[in-house]
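This is a predicted model, so every value here is computed, not measured.
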Amino acid sequence: MASNGARIKVSREPRRQLNNRAAWITVDDGATESECAVVDISPGGAKITTEVEFEVSDRLALTLLADHAKRYPCKVVWRRGKTYGLKFVTAEVEPVEPAAEPAGAT
């Protein structure tokens with residue numbers, strides 16, 4: 001393959017390696033909590049390992065700090081054994097319909 005020497009830079013999301021840092025996942029609206037390890041994380045999601053099994057498309061919440069109320073809602077997007085890819089999701093907001101004009105209003 002011939003190359004003219006110019007390289008195309010591929011832009012990727014920044015990733016921060018966490019070296020299996022402990023974190024916690026909750027399912028069932030916080031009813032079930034399990035420990036996991038965060039392998040890496042980016043603004044769009046995280047890669048975790050855990051002993052608990054999830055199916056792709058399951059939803060859960062990820063807590064990165066012990067005794068911290070901040071939970072990140074996630075969706076499982078891929079699975080390889082006990083390693084999972086999570087996508088951070090935001091609550092979907094219903095579009096607001098404009099109020100109808102009252103009858104006879106001009």
Side-chain angles (χ1 to χ4, degrees):
M1 179 171 143
S3 175
N4 64 358
R7 297 183 80 174
I8 298 173
K9 184 175 180 176
V10 176
S11 177
R12 295 185 181 172
E13 285 186 347
R15 290 199 179 272
R16 182 175 66 182
Q17 295 294 325
L18 295 179
N19 299 323
N20 294 321
R21 177 178 165 187
W24 297 265
I25 47 177
T26 54
V27 293
D28 304 326
D29 293 326
T32 306
E33 182 174 277
S34 300
E35 191 170 337
C36 68
V38 178
V39 178
D40 66 37
I41 192 167
S42 71
K47 181 164 85 172
I48 65 168
T49 60
T50 183
E51 295 297 319
V52 179
E53 293 199 14
F54 298 101
E55 296 298 322
V56 172
S57 81
D58 278 353
R59 292 189 178 257
L60 53 94
L62 179 67
T63 304
L64 297 173
L65 300 171
D67 301 325
H68 197 270
K70 177 69 174 171
R71 291 188 172 130
Y72 298 91
C74 303
K75 178 179 178 182
V76 179
V77 292
W78 59 263
R79 173 184 174 186
R80 290 186 195 107
K82 295 180 181 179
T83 303
Y84 299 87
L86 306 179
K87 176 182 177 184
F88 295 132
V89 295
T90 56
E92 295 179 11
V93 178
E94 294 286 326
V96 177
E97 295 289 325
E101 290 286 327
T106 51

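- The shortest distance between side-chain heavy atoms of Lys47 and Thr83 falls below 4.5 Å.
- Ring-plane geometry between Tyr84 and Phe54 is classed as perpendicular, the angle between the planes exceeding 60 degrees on a 0 to 90 degree scale with a lower cut at 30.
- The salt bridge (charged side-chain N to carboxylate O under 4.0 Å, His left out) analysis of residues 77-89, with sequence neighbours excluded, yields the pairs Glu51-Lys82, Glu53-Arg79, Glu55-Arg79.
- In this structure, Trp78 shares a hydrophobic cluster with Val77, the cluster being traced through Ile, Leu, Val, Met, Phe, Trp and Tyr side chains under 4.5 angstrom apart.
- The list of ring-ring contact (aromatic ring centres under 6.0 Å, His included) pairs with a residue in residues 23-51, not counting sequence neighbours, is empty.
- In terms of heavy-atom proximity, Val89 sits nearest to Lys75 at CG1-CB, 4.0 Å.
- Once rounded to the nearest 0.5 Å, the distance linking OG1 of Thr26 with CZ of Arg59 reads 13.5 Å.
- The two residues Cys74 and Phe88 come nearest to each other via the heavy atoms SG-CD2, 3.5 Å.
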Under 3.5 Å, which donor-acceptor pairs do the side chains of residues 32-39 form with other protein atoms, sequence neighbours left out?
| residue | atom | partner | partner atom | Å |
| --- | --- | --- | --- | --- |
| Thr32 | OG1 | Asp28 | OD2 | 3.3 |

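- Within the 3.5 Å criterion, the main-chain N or O of Leu65 finds no donor-acceptor partner in the side chain of Thr63.
- Under the 4.5 Å side-chain heavy-atom criterion for ILVMFWY residues, a single connected hydrophobic cluster contains both Leu60 and Val52.
- To the nearest 0.5 Å, atom CG of residue Leu64 and atom CZ of residue Arg21 are 6.0 Å apart.
- Atom-to-atom distance recorded for Ile25:CD1 and Ile48:CD1 is 4.5 Å, nearest 0.5 angstrom.
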